[in-house]
Asker: 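Submitted below is the structure of interest, expressed as structure tokens.
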Amino acid sequence: MSKPLENVEVALFVTCLVDINRPSVGFAAVKLLEQSGCKVVVPNAQTCCGQPAYNSGDKQSTKDIAKNVIRAFKSFRYVVAPSGSCAGMIKKHYPELFADDPEMLLEAQDLAARTHELVSFLNDIADFEPDDVKLDKKVTYHDSCSSLREMKVKDQPRELLGEVDDLELIEAEDREACCGFGGTFCIKYSEISEEMVDQKIANLLATKADIVTAGDLGCLMNIAGRLSRKGHKMKVLHVAEILAGMGDKPGIAEGRD
Amino acid sequence: MQVTSRKFKENAHEAMQDENLRAALGRVKEGFTAKRAEAAADLPEFEDLRDQARDIKDHVLENLDYYLEYFEKKVIEAGGVVHWCSNAKEAKETILKICRDVDAKTVTKGKSMITEEIGLNKFLESEGIEPIETDLGEYIIQLADEPPSHIIGPAVHKTKEQVTELFHEHHQQYGYTEREEDAEKLVGEARAVLRHKYVVADVGITGANFLVAETGSTAIVTNEGNGDLTQSLPKTHIAVASIEKVIPTLEDVSTVMRVLARSATGQEMSVYTTFSTGPKRSDDIDGPENFHVVLLDGGRSEMIGTELQELLRCIRCGACMNHCPVYHAVGGHSYGWVYPGPIGAALNPQMVGIEEARHLPNASSFCGRCEEVCPVRIPIPKILRHWREKAFEQQISPKPERWGIELWGFFAKRPWAYRLMTKVAVRVLGLMGGKNGKIKSLPMNNGWTAVRDLPAPQGATFMEQWKKQEGR
Ligand code: SF4
């Protein structure tokens, strides 16, 4: 059976955290997109979506960064990011950013319309199904705020995880509550962030799952960093890694292979 | 009230050490969120109603002068008086004058955030008039001499044990010598003490959830019925409200009310909804002889036509704070002014100045839950961001923070420099992470490592590795 996106060019927006901290998420994304038949391109001129500047109130820098992203991803039918937060930035906030600049606004809207969060793209557009992936573990899924509220990602990751052989999905209490990451928030207000992440990990640990997963590396690094600091053994993986059959690789904050 | 928003971080630190407060906040979180979710799920048209409520409020804000003047006309027709006050000082003096004219010694008060906003109680006290709060929560914090910590539950930060102690301390003069520990009996005790005050009060002051233009009525919703007694027993009733509370028709009131209580407490309706139209008429059995409406602008008209206009849709339901993880962590007093939680973080910079309130819009993870539950769909995160931009433009944000962002921006705008920087960064971080792959402390970034380990990068950047692989 032919796949809906056979040979369609899809540009990967790697995201700065994945680029620097966990390239395996990027490679997992490439693998999943290729399994869906897409031709993956990684534009070399990409950097960061601009959220650190945007959330710090530096609108001018954000615009400059956004222009760079818009330019880098101009010619692709689809742009996919393994992060609800970065995809949300492009899809929801770029058009807001250029509201008073008609020319750029058109370009921003155009990019916004082509941009997708990875898991929802795989599920809703690419008709993807995990290819013979097996993981005999209990897994709980954390709904990251941007994925859930900006990108309306909720059922898609659950559906896809449900298709991984032997994987048991356990839902945590308050799974839609923020983990306390919030970009620079977790650094500027670390004490409040600590309170939030402690609530989060208490709910995650209560599931007795082996693995916690989510679609945003920021949240996962926050959760993994706190679990590690507290000496908990729960493994932390990006949902793309699980779907790509990398579930047995070391988790975030777990050291190297 | 004394503004302490500048000390938000210190306030929050103290709050998070307070075990009583943590217990109380735990109940806010569990109780209110579950009830709202149920109420919303039980009403299929809830989301449509939210749209309607938003549209009604928007329509009013677009035509505010018209509806306010219409409201005044109707109040006068009903025999009441409207006082237009541009700021807190004018409002307080107006209220004082009305009290003086009837030679008032005591006033009873129903729950009103506006009188908190203008600091009415302290002012009346200083003028020799005794204000008595009749809403149970307001009464508790009046005894404790504290500001409210929540807009619908002013005393949610108090545990039952603390209330026992407060009542024991203040009610002995009325013959209650035993420490009462049963919650229901505590309520009974407060009622009995207050009952007698209603009768002697010369003036009753209430807030208003709505000012109905069509009829010139003020409307309040409560769960205790104290508002009814406050406004109908004394000879003079003063309703104090800010200008954006006006609403065209009774029909509109009923639409907005359908989302108000559900969002606030998960009730279909609050227990009491009371409309007041003018003073007692000749054939009325009871009611006040004088009816005054004190209308406060308090900086609101300046918000019309700006990015902040949407904030004026707020119907003060409290849902945003009930669902806010930051509010759950730090409680209402940390915000340092009358309005706490997300709505406070968005509104207070306008009311007390962005320099004073700089922390409030910053202390948010932008999780978006406030906007998700707000019955009138106020885009609170967008407004918080607006304040961050203002603070950045005016160079109010701390320098190191600005430098950090500028440096990051420098690289993010230049892909070639960015590639180089990330290449170096992963190597340095990789070395710091050592064999364990995690960094326990980072000199430049101790906000992260104070709380959690930093996972070290896996190895070379994705872009480096991808480049090597290209042409696979
Ligand atoms: S901002 Fe919205 S949720 Fe918050 S109190 Fe106002 S109406 Fe309620």
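Note on naming: letters A, B, ... go to the chains in the order of the sequence lines (proteins, then strands), and numbering restarts at 1 for each one.
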Asker: Given that the side chain runs from C-beta out, which part of B:Ala391 has a heavy atom under 4.5 Å from chain A: side chain, backbone, both or neither?
Answerer: neither
Asker: With heavy-atom distances below 4.5 Å as the criterion, would you say the side chains of A:Cys145 and B:Arg369 are in contact?
Answerer: no
Asker: With rounding to the nearest 0.5 Å, note down the distance linking CG in A:Asp19 to OG1 in B:Thr461.
Answerer: 4.5 Å
Asker: Once you round to the nearest 0.5 Å, how far does CZ of B:Phe366 lie from CD of A:Glu150?
Answerer: 10.0 Å
Asker: Any chance NZ of B:Lys35 has more than 12 other-residue heavy atoms, nucleotides or ligands included, within less than 6.0 Å?
Answerer: no
Asker: Using heavy-atom distances under 4.5 Å, tell me whether B:Arg427 contacts chain A through its side chain, its backbone, both, or neither.
Answerer: neither
Asker: If you take all heavy atoms of B:Asn362 and A:Phe185, which pair is closest and at what distance?
Answerer: O-CD1, 4.1 Å
Asker: Pick whichever of A:Val14, A:Asn222, A:Val69, A:Thr62 has the most heavy-atom pairs under 4.5 Å with chain B.
Answerer: A:Asn222
Asker: What part of B:Arg402 is in contact with chain A, defined as an atom under 4.5 angstrom from a non-hydrogen atom: side chain, backbone, both or neither?
Answerer: neither
Asker: Does a side-chain heavy-atom distance below 4.5 Å link B:Lys413 with A:Thr47?
Answerer: no
Asker: Counting only heavy atoms closer than 4.5 Å, note whether B:Glu372 contacts chain A via side chain, backbone, both or neither.
Answerer: side chain
Asker: Without hydrogens or angle criteria, can the side chains of B:Gln458 and A:Lys249 be said to hold a donor-acceptor pair below 3.5 Å?
Answerer: no
Asker: Does the side chain of B:Arg388 pick up a donor-acceptor pair with the side chain of A:Asn55 at under 3.5 Å?
Answerer: no
